[in-house]
There are 2 protein chains.
Amino acid sequence: MTFDSNTPMDEINWRLLELLQTDARMPFSELGRKVGLSAPAVAERVHRLEEAGVITGYRAQVDPSRLGYSLEAFIRLTCRGNSLERMTRAVSELPQVQEFWNLTGEDGYVLRVILRSVKELDALLKQLQIFGSTTTSLVLSKPVEFRVISAGPETSPPL
Amino acid sequence: MTFDSNTPMDEINWRLLELLQTDARMPFSELGRKVGLSAPAVAERVHRLEEAGVITGYRAQVDPSRLGYSLEAFIRLTCRGNSLERMTRAVSELPQVQEFWNLTGEDGYVLRVILRSVKELDALLKQLQIFGSTTTSLVLSKPVEFRVISAGPETSPPL
DNA sequence: GGTGAAACAACGCACAT
DNA sequence: ATGTGCGTTGTTTCACC
């Protein structure tokens, strides 16, 4: 089963998820209007989705470039040595690291970082080379920055 | 200037951003209590941050694995041909694509996708090979899934 | 899930600084 | 220009059906 038995993902729950992914601050009363339920009923459903771990949080999305973080980059870390746990902990603590994935294949570890300057990138790469060799790719643009997760078709539509 | 002249990023605005990145549904009144301002004053500041493009939205964060999307992957697309605009538009429409970056260097185009099955991955890769060759890396784990953007030190702390 | 009542929050406005 | 106080409107939360 892909979801808790207490939270069947019916049409209404999918719709609530879509609405909250689009505007997390929408009041329960307005959610209720859009799905045809009373506000308390919506609150109950949303709280169940939270408790079931389907909704993991509500986040204001912020534009780093408006806050002085002019660079965004991916750094692939090809790790040498066998201190992977130490590396993982250390990299996770770096304030520039927004996301950090462990992947299959050659890439292994990938960081998404935001930086105020090339100087800061230089300093970061020097810190990282303790753990292995790095490959840096700057983000030029984001054709898709975010997509709402929805029920979706079981089969993908043709191009 | 990295921000609008109407929205100086003082300590209070940074604190509001941190609070809203942690819990986007926090009421203005509670935000006010935490930063030592009245609710209307907070609402004013938050609305300015929205209008200045610092806050770009409020999103419920959802766990794809609890909704049947058991696979998450990065797909690097090494594009042949010169129909980059057509490719970008087509890839952007694919429902499995959660994020899509255009990067410097060899990697060029990178997709983060969520999938219900390996079968769906197979179908997606077949669709993508029209545009070039792909390299797929499955996400094994996410040591850092998200980090609050904060004022941060100008210089990064040592490891 | 719905309903009603009490507590709380959001919004607009006048006014103080 | 930014924050406060207050009154009105709308929302949340709890009981209970």
Side-chain angles (χ1 to χ4, degrees), chain A residues 1-63 66-68 148-151, chain B residues 1-63 66-68 148-151:
Chain A
M1 190 94 84
T2 65
F3 41 77
D4 268 35
S5 46
N6 288 337
T7 60
M9 284 304 298
D10 58 8
E11 280 304 316
I12 291 181
N13 275 0
W14 274 113
R15 185 89 185 99
L16 290 174
L17 278 185
E18 289 168 15
L19 289 166
L20 285 171
Q21 285 178 90
T22 304
D23 178 9
R25 285 183 73 81
M26 189 177 292
F28 291 142
S29 54
E30 188 178 348
L31 291 169
R33 268 175 244 126
K34 302 213 183 207
V35 304
L37 248 54
S38 69
V42 169
E44 174 75 12
R45 280 171 174 266
V46 171
H47 292 143
R48 278 186 195 280
L49 288 169
E50 292 166 359
E51 282 156 23
V54 175
I55 295 174
T56 58
Y58 303 93
R59 301 273 163 72
Q61 190 170 276
V62 154
D63 182 348
R66 306 246 182 193
L67 294 169
V148 169
I149 297 175
S150 60
Chain B
M1 188 95 82
T2 64
F3 41 78
D4 268 35
S5 47
N6 288 338
T7 59
M9 283 304 298
D10 58 8
E11 280 303 315
I12 291 180
N13 275 1
W14 275 113
R15 185 90 185 98
L16 290 174
L17 278 186
E18 290 168 15
L19 289 166
L20 285 171
Q21 285 177 89
T22 304
D23 178 9
R25 285 184 73 80
M26 190 177 292
F28 291 141
S29 54
E30 189 179 346
L31 292 168
R33 268 174 244 129
K34 302 213 183 208
V35 303
L37 248 55
S38 69
V42 169
E44 175 74 13
R45 279 171 174 265
V46 171
H47 291 145
R48 278 186 196 282
L49 289 169
E50 293 166 359
E51 282 155 25
V54 175
I55 295 175
T56 58
Y58 303 94
R59 302 269 158 76
Q61 189 171 276
V62 154
D63 182 349
R66 305 246 183 195
L67 294 169
V148 169
I149 297 175
S150 61

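Everything numeric in this text was worked out from a predicted model, so none of it was measured. Just so we're on the same page: letters track the sequence lines, and every chain starts at 1.
- One atom, CZ of B:F28, and another, C1' of C:dA9, lie 10 Å apart when rounded to the nearest Å.
- The side chain of B:S29 approaches C:dA10 more closely than any other nucleotide in the set D:dT11, C:dG1, C:dA10.
- Listed nucleotides: D:dT11, D:dG3, C:dA9. Nearest to the side chain of B:R45: D:dG3.
- Atom CE in B:M26 sits roughly 12 Å away from atom P in C:dA9 (whole-Å rounding).
- Rounded to whole angstrom, the span from the CD atom of B:E51 across to the P atom of D:dT2 amounts to 12 Å.
- Put simply, CD1 on B:I12 is 12 Å from P on D:dT2, counting in whole angstrom units.
- No side-chain donor-acceptor contact under 3.5 Å links A:R59 to the backbone of B:L20.
- With hydrogens and angles disregarded, no donor-acceptor distance shorter than 3.5 Å links the side chain of B:E18 to the backbone of B:I149.
- To the nearest angstrom, C1' of C:dA10 lies 14 Å from CD of B:E50.
- Of the possible polar contacts, none joining the A:E44 side chain to the A:P40 backbone as a donor-acceptor pair under 3.5 Å is found.
- When the nucleotides D:dT13, C:dA10, C:dG2 are ranked by their closest atom to the side chain of A:L37, C:dG2 comes out on top.
- For A:P27, the side-chain atoms get nearest to D:dT11 when compared with the rest of C:dA9, C:dG4, D:dT11.
- Taking atom CD on B:E30 and atom C1' on C:dA7, their separation rounds to 15 Å, with Å as the unit.
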I'd like a table of donor-acceptor pairs (distance under 3.5 Å, sequence neighbours excluded) in which one partner is a side-chain atom from residues 28-37 of chain B, with atom names and distances.
none

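- When the nucleotides C:dT3, C:dG2, D:dT4 are ranked by their closest atom to the side chain of A:A41, C:dG2 comes out on top.
- Between A:L31 atom CG and C:dG1 atom C1' there is a gap of 16 Å when expressed in whole angstrom units.
- Each of A:R15, A:R45, A:R48 was scored for a salt bridge (charged side-chain N to carboxylate O under 4.0 Å, His left out) with A:D10, with one residue passing: A:R45.
- Mapping A:S38 and A:R25 onto DNA chain C by nearest heavy atom places A:S38 at the nucleotide closer to the 5' end.
- For B:K34 and C:dA9, the NZ to P distance is 13 Å, given to the nearest whole Å.
- The shortest distance between the side-chain N/O atoms of B:R33 and the OP1/OP2 oxygens of C:dA9 is below 4.0 Å.
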